[in-house]
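Some notes on the structure that comes next.
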Amino acid sequence: MVDHQQLTFGIDLGGTSTRVGLYDASMQLIDCRSMITRVSAGPQSCVEEIAEGIDSMNREYSAGGAPIEVLGIGIGSPGPINLRTGVLGLLPNLPGWNNFPLRDALATVTKMPVLLESDANAAAIAEWKLGAGQSTNLDSMAMITLGTGVGSGLIFGGRVWHGMFGMGGEVGHATVVPEGLLCGCGSRGCLEMYASANGLLRLAAAAADSNDATPELKALVTRSQGFTSLDVAELAWNDPSAQRVFHCLGHFLGIGIANLINILDLPLIVVGGGMACSWNLFAPAMFRAVRDYSLVYRLATPTQVDVREQDRTFICPAVLGPSAGLLGAALLPRLAVLNVQSVNASLIPEII
Ligand SMILES: [Zn+2]
């Protein structure tokens, strides 16, 4: 039995799995359903599965009482997305879904207002309102998500920065190595090629090729069953070659963050995603590169890196973990009512 206050649904659409969460007004998770994203079945089929999940929770929590009152649905999707039209762009992890009108399709099936954001923006909103930014009262920040790739969300003056069509904030494709590795986006030397989980694997393989690599790192990268970023992190606790791999990642991440700070002078940069678990392994090199490459940071360098200081740039790990994307999606309808941000402005009057 739930309190029949206004609830929200959050959806975290991923290339492998999709989660649907029901949240109460204080953003506590009431229930969550996970499903495999059947990419090859097509986007309409996936939308219908999501709608079934929503419908079943609606039925379950309305049983024996008044129907639950739902403020709306927020969905975080891999980008790029045209947030003006709610139509998906060219998505490497969701082949065949290009140009699908995700927002309108979900609104049609569920008959509820739907707010769409990129998954990275949704995570940034959650960290801003309920995570690392919660106690700061800051109205501007950036979140960089280090996962399989590198995502980011930018918040300026209390609004998510979308750019012209909703594709703003692709920090993962900022150049950190001119003439560097060829990226899937067609450019070279993108941050994503070095600071993501896949980037770490590439750095580890390159490090294992060097003459001074430890036998343990060489053995890890050549073993028949493959290796993961977690394996490199475990090895790094007492292996100098694996530690250097994380220093390398931190260096490139620091250059990317230095560019962000030089251009935007943001007071808060939050680093999240699976790789953020290895913060202690890459943070020293990251801070060094930020200082080396950012004049603006040097002018506002904190006296200590792990406590936020007034009028100093604070760079810290995310606090919400893997639930940030789902939580941020569920926050969207609530923030839209407060008119805190301008996502899908055409739908806001329907919610109010
Ligand atoms: Zn790129």
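Reckoned from all heavy atoms, side chains included, excluding hydrogens, waters and symmetry mates. We count ligands from 1, going down the list as the structure has it; atoms in each ligand are counted the same way.
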Does CD in Q304 sit with more than 12 non-hydrogen atoms of other residues, nucleotides or ligands closer than 6.0 Å?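 Counting neighbours around CD of Q304, more than 12 heavy atoms of other residues, nucleotides or ligands fall under 6.0 Å, so yes.
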Side chains of [X] and [Y], donor plus acceptor under 3.5 Å:
| X | Y | result |
| --- | --- | --- |
| E170 | S152 | no |
| T301 | R291 | no |
| N198 | S196 | no |

Mutual orientation of the aromatic rings belonging to F252 and Y194 [parallel < 30°, tilted 30-60°, perpendicular > 60°]: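 F252 vs Y194 ring planes: tilted.
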Side-chain donor-acceptor pairs under 3.5 Å in residues 41-50, sequence neighbours left out?
residue: Q44; atom: NE2; partner: E48; partner atom: OE2; Å: 3.2
residue: S45; atom: OG; partner: R38; partner atom: NH2; Å: 3.3
residue: E49; atom: OE2; partner: R38; partner atom: NE; Å: 2.8
residue: E49; atom: OE2; partner: R38; partner atom: NH2; Å: 2.7

Which protein N, O or S atoms sit under 2.8 Å from the Zn ion (ligand 1)?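 For the Zn ion (ligand 1), the protein N, O and S atoms that sit under 2.8 Å away are H173 ND1, C183 SG, C185 SG, C190 SG.
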